[in-house]
Each structure stands twice: as structure tokens, then as C-alpha cells.
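Remember, predicted model here, so these are calculated numbers, not experimental data. Proteins come first, then strands; the chains are lettered A, B, ... in the order of their sequence lines, and each starts at number 1.
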Protein chains: 2
Amino acid sequence: MRADGVDEAMIAALRAFGRFYTRQIGLLEEGLHRSAFSLTEARVLYELAHRDRPTASVLGQDLGLDAGYLSRLLKRFEEQGLLTRRTAAEDGRRQVLALTQAGQAAFAPLDEASRAEVGALLARLPSADRAALVGAMARVRRLLGDPPEGPAILRDLRPGDIGWITHRQGLLYASEYGFDLTFEALVAEILAAFVRDFDPARAGAWIAEQGGEVVGSVFLAPACAGAGPAPETVGKLRLLYVEPSARGQGLGRRLTAACIEGARARGYRQLSLWTNDVLGTARRIYAEAGFRLVESAPHRSFGQDLVGETWMLDL
Amino acid sequence: MRADGVDEAMIAALRAFGRFYTRQIGLLEEGLHRSAFSLTEARVLYELAHRDRPTASVLGQDLGLDAGYLSRLLKRFEEQGLLTRRTAAEDGRRQVLALTQAGQAAFAPLDEASRAEVGALLARLPSADRAALVGAMARVRRLLGDPPEGPAILRDLRPGDIGWITHRQGLLYASEYGFDLTFEALVAEILAAFVRDFDPARAGAWIAEQGGEVVGSVFLAPACAGAGPAPETVGKLRLLYVEPSARGQGLGRRLTAACIEGARARGYRQLSLWTNDVLGTARRIYAEAGFRLVESAPHRSFGQDLVGETWMLDL
DNA sequence: CCGAGATAGTTGACTCGGTCAATAGTTGAC
DNA sequence: GTCAACTATTGACCGAGTCAACTATCTCGG
């Protein structure tokens with residue numbers, strides 16, 4: 001363990017992955033070898049086919065290619081009739097690139113071969129492993145700072161979700177606030193009860209997914225009997241969470257809004273939630289959404305001294 | 001969805017990862033660019049430093065390098081005094097390669113730079129994300145068929161484990177046997193209760209970890225009160241599971257043995273377990289370990305018609 | 001023990017992917 | 001109008017990697 005909390009074993013694991021994947025890319029390149037294009041050419045073709053009116057400079061930037069090399073490469077494509085280059089109307093320096101019919105026809109088999117190869121790889125895996133692989137890759141990308149392609153979508157609960165959410169919350173609160181195993185157990189228990197007692201007329205789940213990976217969630221459940229006045233009119237917002245690396249795009253707000261909306265739709269008159277004072281970001285979101293703090297009491301849980309808070313919102 | 005159950009979105013996700021990581025390796029190469037060595041040379045040096053008496057051919061094989069190219073590269077290293085080549089005693093064709101002192105001295109700064117770079121990358125991440133990244137990378141490697149470096153080790157429960165195990169079991173049984181969400185909820189409930197009521201004198205957890213990733217687990221808990229005769233003398237083996245991709249190395253047997261051993265050490269006289277007849281591999285392991293089937297009853301759970309089985313072992 | 005065939009490594013000839021630096025044209029800020 | 005910054009091009013260059021032919025050694029069947 002180093003001073004900054006980075007473990008040597010972690011470093012070794014990342015480097016091992018790098019070595020592994022470098023080799024993997026070498027193998028991948030062999031697949032292309034039979035075609036008329038090199039890996040770099042194939043990458044350029046891919047970008048040309050998928051981007052909207054790209055210019056040479058953004059291509060070079062994004063693929064990490066030398067401008068001179070790229071220029072020649074594009075010239076060759078043009079000579080082969082795969083590509084047209086027109087100077088951009090709004091900037092005479094730039095050229096708008098576009099594949100011709102022939103270019104698309106040349107790219108299609110490459111694209112298809114790649115898709116088939118990847119498909120065959122996936123088909124070899126048991127189906128539970130397929131989802132795991134896709135999720136793991138999405139996670140690696142996001143954690144290494146690759147911006148996700150699309151916006152986050154909110155979807156319903158699926159197998160694997162409640163375990164995943166338990167896992168992430170357990171890890172997150174353990175490392176950020178020092179919570180012990182009992183916190184994770186509490187999350188597991190809440191989610192188990194949520195599924196066990198699930199009634200779509202009274203409860204709901206919103207899972208935020210981005211690029212094939214779960215990046216946040218929130219749950220709506222009926223308040224426990226005996227908690228507060230007229231419990232059947234009170235809903236409970238539970239387990240709001242957003243992945244650290246997915247923060248800053250307003251996902252917490254979106255999830256909260258969805259939950260409030262869901263509570264209204266199910267006829268609840270009030271929405272309550274329980275949280276801890278250490279969770280600053282979450283508190284801000286609740287306050288913004290109109291919740292008000294109605295109770296605050298110190299408690300010892302999860303191996304920590306905390307101040308529990310109950311918030312309430314009139315719907 | 002294609003005929004073989006492979007989803008187009010999955011294929012797209014894998015290809016996106018490939019593009020992303022190809023670019024990532026380009027960036028990595030830039031870091032080396034300042035040093036006297038190319039990426040390939042650095043890879044060869046790394047293997048020379050970490051392998052035991054390698055030969056040129058295995059190096060070429062494992063790194064995917066051309067024999068001719070590698071030969072010249074090694075020759076250059078030898079001329080620079082970084083490397084010695086001796087024909088192997090047992091086979092006159094082969095050469096045993098070894099870095100000289102100078103070779104190790106040349107490699108050390110490279111190695112250190114790489115370690116520092118990776119360390120800096122990790123240090124930028126929140127600590128919960130670090131573990132997630134390492135785990136995700138280990139998973140990608142294992143799922144793509146990279147054999148894990150070391151043997152699996154059995155360790156104790158840590159934050160994140162029970163969620164992870166719930167997640168994997170939920171996904172696994174959903175995809176293999178069509179179990180619905182309630183199965184995952186049951187796992188979550190069992191694990192939550194395990195942690196809540198945890199007493200080291202009566203319960204235990206064995207988590208199999210390999211290359212930074214959880215690949216299996218088993219739990220020992222006291223049998224529920226009222227179940228069978230003299231419940232305090234009966235332990236219960238619960239939630240045995242092994243990742244599909246980690247099967248075939250006797251991990252299930254090892255976990256079962258550890259659990260039995262743990263039950264003996266805690267003074268239990270009998271060990272029971274509940275399973276379903278569809279789980280063939282698990283049943284074989286139980287039978288081999290000496291468990292005998294004592295009860296069998298059909299039930300409808302998890303959206304499926306199943307036959308539940310109780311097995312028992314005298315300790 | 002011999003010879004066929006495989007394997008480990010070497011070498012020459014070559015290609016191609018990529019770098020570097022100089023240059024020309026274009027744009028926007030002042 | 002000038003100048004700095006940017007886009008793209010071109011010539012000169014090189015090192016990484018490929019391919020095929022060749023030597024030396026080992027293995028195995030007869």
C-alpha cells in the first residue's frame with residue numbers, strides 16, 4: 001500500500017491487463033490482414049462511415065494519427081474512389097470528408113467481418129458471461145475516462161440489478177465513509193424485501209443505464225406500517241445512488257424526479273426518505289426537489305457515529 | 001437478437017471497447033517514446049525480466065512477434081550488452097536468454113515509469129472505482145480466455161462481496177435456468193441475514209478470489225431453529241457457487257471441503273444443505289463430499305417448477 | 001543407425017506504417 | 001493589415017514488421 005492508497009497489486013493487475021490486451025489487438029490485426037486494408041485504414045474507414053461530416057484534423061486527433069500520414073492515407077482513398085473531399089463552406093482550411101458509394105461498399109465487408117468475429121467470440125460464452133463481459137468492458141471504459149456514447153436511460157429492474165446495486169453501494173460507502181459490512185447487508189435486505197413484496201401499484205424501481213452499464217438507481221416503496229400517520233398514503237424513496245464517475249450530469253436529480261413522479265402516479269400523498277447527514281450531495285438534491293428535513297437523530301450504525309435524517313415531501 | 005442469442009448491442013459494445021483500447025495503447029506508446037526503446041522492445045524486455053529462462057520461440061509465440069524480427073531484436077540487445085544467449089543444454093537448437101546486469105538496469109526505469117504512470121492513473125480515481133476497475137479488467141481477461149496467473153485463494157468476506165455474489169448468482173441462474181428476480185432476492189436475503197446474525201463461532205464465509213476477481217463462494221450458517229432435531233448441532237452449507245469460466249479446476253470441491261472443515265471446527269455434528277435437482281454439477285460435488293440426499297420435494301419458485309432437495313452430512 | 005520431417009533460430013530483401021520538418025493557404029483577433 | 005494559430009500537404013526519412021530461404025538440431029519410425 002502506497003501513501004496515496006494505491007495498492008501495488010492493483011498496479012500489477014492493470015499492467016497485466018495492458019499486456020494482455022496489447023496481445024489481443026495483435027491477434028485482431030491478423031484478422032484484418034487478409035483484407036486490402038491495414039488496421040489503421042480500417043479504423044479510419046470506420047470513423048468515416050460512422051461520423052457526421054468529419055474533417056481530417058478531428059479524425060487525426062481522435063485516432064491519435066499523424067496529420068501527414070493521415071493526409072496521404074486520405075489521398076489514397078480518394079484516388080481509389082472511396083472518398084470525396086470538399087472544402088468546408090464555413091472554413092476554407094477544413095475539408096469535409098465523405099465516403100462514396102464505393103467507399104461504403106469497401107467498408108461493409110470489413111465491418112461485417114469484425115462484427116462476425118466479435119459475435120462468434122460472444123457466442124462461445126455462456127450467456128451470463130456475455131452480459132458480464134459487456135458490463136465489465138463498459139466499466140473499464142468509463143473508469144478510464146472514455147465519455148459514454150449516449151445519455152443515461154432509466155429502465156426497469158432486471159436480474160442482476162439488485163446484486164449489482166448492493167455491491168456498488170457496499171463498496172462505495174465502505175471506501176468513502178468507512179461503513180462496515182452491515183451497511184451492505186442492509187442494502188441487500190432492503191432490496192430483497194423490495195422484490196419480495198413488489199406490487200407495481202405501490203412500488204417502483206428506476207435503474208439508470210449508460211453504455212450497457214448500471215450507473216445509478218432509486219426505489220419507491222410503501223412506507224413501513226406504523227411509521228407516521230396514515231401509512232398507506234406515504235411512500236418512501238430508498239437507496240438513491242449515482243456512480244462517482246457518472247456524477248455531474250444531473251442523474252441524481254433525474255432519478256429523484258422520476259421517483260417523485262412515480263409516487264404521484266401511484267396516488268401517494270407524501271414521500272419520505274431516510275438518509276445520513278454525511279451524504280452532502282444527496283441532501284442537496286433532496287432539498288432542491290422540495291423535501292424538507294423533519295427529523296434528525298444521532299445513531300451508531302455500520303461501525304460509524306452518524307446522524308440519521310428523515311426528510312418529507314408533500315405530493 | 002440473433003439466432004444464437006447474441007445481441008447486436010453487445011457486439012457494438014465490444015467493438016467500441018476495442019476501438020477505445022486501441023487508442024489507449026497508442027497513448028501508452030507515447031509515454032515510451034521518450035525512452036530508448038520501442039513498445040515492442042519494452043514488451044520483450046518485460047518478458048525477459050519476468051520469465052524464468054525463456055527462449056526466443058516462446059517469447060515470439062506469447063508476444064505474437066515474427067521470429068525473424070525477434071531474432072534481430074535480440075541480437076541488437078546482445079550487442080548492447082543487455083542480454084546473454086546460451087544454447088540450451090537439453091536442446092542444441094534452443095537458446096536460453098537472460099538479461100545481464102546492464103539489461104536489468106536498462107529495464108528498471110522503464111518498468112518504474114510504467115508503474116508510476118499506472119499508479120498515477122489509479123490515484124486519480126475514487127477508491128471505490130479503483131477496486132471496480134481492477135475487478136472489471138480481471139473479468140474481461142478471464143472472460144476472453146486469458147488464463148489467470150495464480151491459483152484461486154480462499155479469503156474472508158469483504159465489503160462488496162455479498163452484493164457481487166448476489167449479482168452473479170442472480171444473473172447466472174436467470175440466464176441458465178430462467179429463474180426470475182425472486183431468486184436473486186432470496187440470495188440477497190440469505191446474505192443479509194448471514195451478515196446481520198454473524199457469529200464467527202457459528203458461521204463462516206469462504207470467498208474464492210483469482211487475479212483480483214471473485215470467482216466463487218460458499219457460506220456456513222447455523223441451521224434455522226426448528227429445522228430438524230437439535231438444531232444447534234446442525235450447520236448449513238449455503239450458496240455454493242463457482243463462476244462458469246472458473247470451472248474445471250476443482251474449485252467447487254475446494255469450497256465445499258473448506259465449508260465442511262469449518263463446520264467441524266465449529267463443533268457442528270451435522271451439515272445440511274438445500275439445493276435443486278437441476279443443478280447437476282453441484283449435486284455431484286455434494287455426493288462426492290459424502291452428503292446424502294435425505295429429502296426431495298417439488299415446489300414452484302423463481303418462476304419455475306423445481307424439485308428441491310435436502311442433503312445431509314454427518315461430521 | 002538412417003532419413004524424413006518438424007522445430008529453433010538466422011539472414012537478406014523488402015514493404016509499409018508512421019515521424020518530422022518545412023511549407024502553403026485560411027481564419028480570427030487585435 | 002498584421003500576426004498568431006490552425007488545417008492540410010509534401011518530401012525525406014526510418015524503424016517496425018513480413019516473407020522466404022537457409023542452417024542446425026532434434027524426434028521418431030523403421
Side-chain angles (χ1 to χ4, degrees), chain A residues 22-23 25-45 47-48 51 53-80 83-98, chain B residues 22-23 25-45 47-48 51 53-80 83-98:
Chain A
T22 302
R23 174 91 181 89
I25 285 179
L27 293 178
L28 196 143
E29 208 161 339
E30 267 170 37
L32 276 166
H33 220 262
R34 257 152 285 149
S35 85
F37 300 100
S38 73
L39 174 61
T40 308
E41 287 173 330
R43 290 171 73 203
V44 170
L45 278 178
E47 297 299 329
L48 286 171
R51 279 169 190 270
R53 302 160 48 78
T55 68
S57 58
V58 295
L59 236 59
Q61 197 103 70
D62 289 5
L63 295 178
L65 295 177
D66 178 76
Y69 178 51
L70 184 58
S71 170
R72 254 183 285 263
L73 196 156
L74 293 173
K75 190 171 156 195
R76 193 154 14 104
F77 280 171
E78 194 178 23
E79 283 164 7
Q80 296 172 344
L83 182 72
T84 58
R85 300 194 279 185
R86 290 199 331 273
T87 43
E90 70 282 6
D91 186 338
R93 295 169 302 181
R94 274 183 287 184
Q95 304 188 330
V96 177
L97 307 172
Chain B
T22 302
R23 173 92 180 89
I25 284 178
L27 293 178
L28 195 143
E29 210 160 342
E30 268 170 37
L32 276 167
H33 220 261
R34 259 154 283 149
S35 84
F37 300 100
S38 74
L39 175 60
T40 306
E41 287 172 331
R43 289 172 74 202
V44 170
L45 278 178
E47 297 298 330
L48 286 173
R51 278 171 191 267
R53 303 160 47 78
T55 68
S57 58
V58 295
L59 236 60
Q61 198 105 70
D62 290 5
L63 294 178
L65 295 178
D66 177 76
Y69 178 51
L70 184 58
S71 170
R72 256 182 284 262
L73 196 155
L74 293 173
K75 191 171 158 197
R76 194 156 13 103
F77 279 172
E78 194 179 26
E79 284 164 6
Q80 295 172 344
L83 182 71
T84 58
R85 299 196 278 185
R86 289 200 332 273
T87 44
E90 71 283 4
D91 186 338
R93 294 169 303 181
R94 272 183 286 184
Q95 306 187 327
V96 178
L97 307 172

When rounded to whole Å, the CG to P distance for the pair L83(B) and dG9(C) reads 12 Å
query = Does atom CZ of R53(B) have more than 12 heavy-atom neighbours from other groups under 6.0 Å away?
reply = no
Atom CZ of R72(B) and atom P of dC19(D) are separated, to the nearest Å, by 14 Å
Per atom distances to the S71(A) side chain, the nearest of dA8(C), dG18(C), dT10(D) is dT10(D)
From CG of L74(A) across to P of dT7(D) the rounded distance in Å is 15 Å
Of the candidates dA24(D), dG17(C), dT11(C), the side chain of S38(A) sits closest to dG17(C)
In whole angstroms, the gap separating P of dA8(D) from CZ of F77(A) amounts to 16 Å
| message | I want to check one thing: is the phosphate of dT9(D), taken as OP1 and OP2, less than 4.0 Å away from some side-chain N or O of Q95(A)? | response | yes
**Prompt:** With side chains defined as the heavy atoms from C-beta onward, is the minimum distance between L97(B) and F77(B) less than 4.5 Å?
**Reply:** no
For L59(A) and R51(A), the nearest pair of non-hydrogen atoms, with its separation, is CD1-CD, 3.8 Å
Under 4.0 angstrom between T40(B) side-chain N/O and dG17(D) OP1 or OP2: yes
Rounded to whole Å, CG of L63(A) lies from P of dG17(C) at a distance of 15 Å
Report which part of the nucleic acid R85(B) touches: base, sugar-phosphate, or nothing (heavy-atom distance under 4.0 Å, all strands). sugar-phosphate
Taking for E41(A) and for G68(A) the nucleotide of DNA chain C with the nearest heavy atom, the one nearer the 5' end belongs to E41(A)
Overall bend of the helix from dC1(C)-dG30(D) to dC30(C)-dG1(D) (five pairs an end, 10° steps) is 30°
Close side-chain approach of L74(A) to Q95(A), heavy-atom, < 4.5 Å = no
_K75(A) side-chain N/O to dA8(D) phosphate OP1/OP2 under 4.0 Å_ = no
Whole-Å distance, L65(B) CG to dT18(D) P, equals 8 Å
Has the side chain of R94(A) got a donor or acceptor that lies under 3.5 Å from a partner of the other kind on the base of dT7(D)? no
| task | Under 4.0 Å between any heavy atoms, over every strand shown, what does D66(B) touch: base, sugar-phosphate, or nothing? Just pick one. | result | base
For residues 66-73 of chain A, dump all side-chain donor-acceptor pairs below 3.5 Å to protein atoms at least two apart in sequence or in another chain.
| from | atom 1 | to | atom 2 | distance (Å) |
| --- | --- | --- | --- | --- |
| D66(A) | OD2 | G68(A) | N | 3.0 |
| D66(A) | OD2 | Y69(A) | N | 3.0 |

Fill in: Contact under 4.0 Å: S57(A) side-chain N or O vs dC6(D) OP1/OP2
no
- Query: Which part of the nucleic acid, if any, lies within reach of A67(B) when heavy atoms closer than 4.0 Å are counted: base, sugar-phosphate only, or nothing?
  - Reply: base
L70(A) atom CG is separated from dC6(D) atom C1', nearest whole Å, by 16 Å
Q. Has Q61(A) got more than 12 heavy atoms of other residues, nucleotides or ligands less than 6.0 Å from its CD?
A. no
Review point. Side chains of E47(B) and D62(B): closer than 4.5 Å at any heavy-atom pair?
Key: no
Contacts satisfying salt bridge (Lys or Arg N to Asp or Glu O under 4.0 Å) that involve residues 83-93 of chain B (not counting sequence neighbours) are E78(B)-R85(B), D91(B)-R93(B), D91(B)-R94(B)
Between CG of D91(B) and P of dT27(D) the distance, given in whole Å, is 6 Å
Testing dT11(C), dA16(D), dT9(D) for proximity to the side chain of Y69(B), the answer is dA16(D)
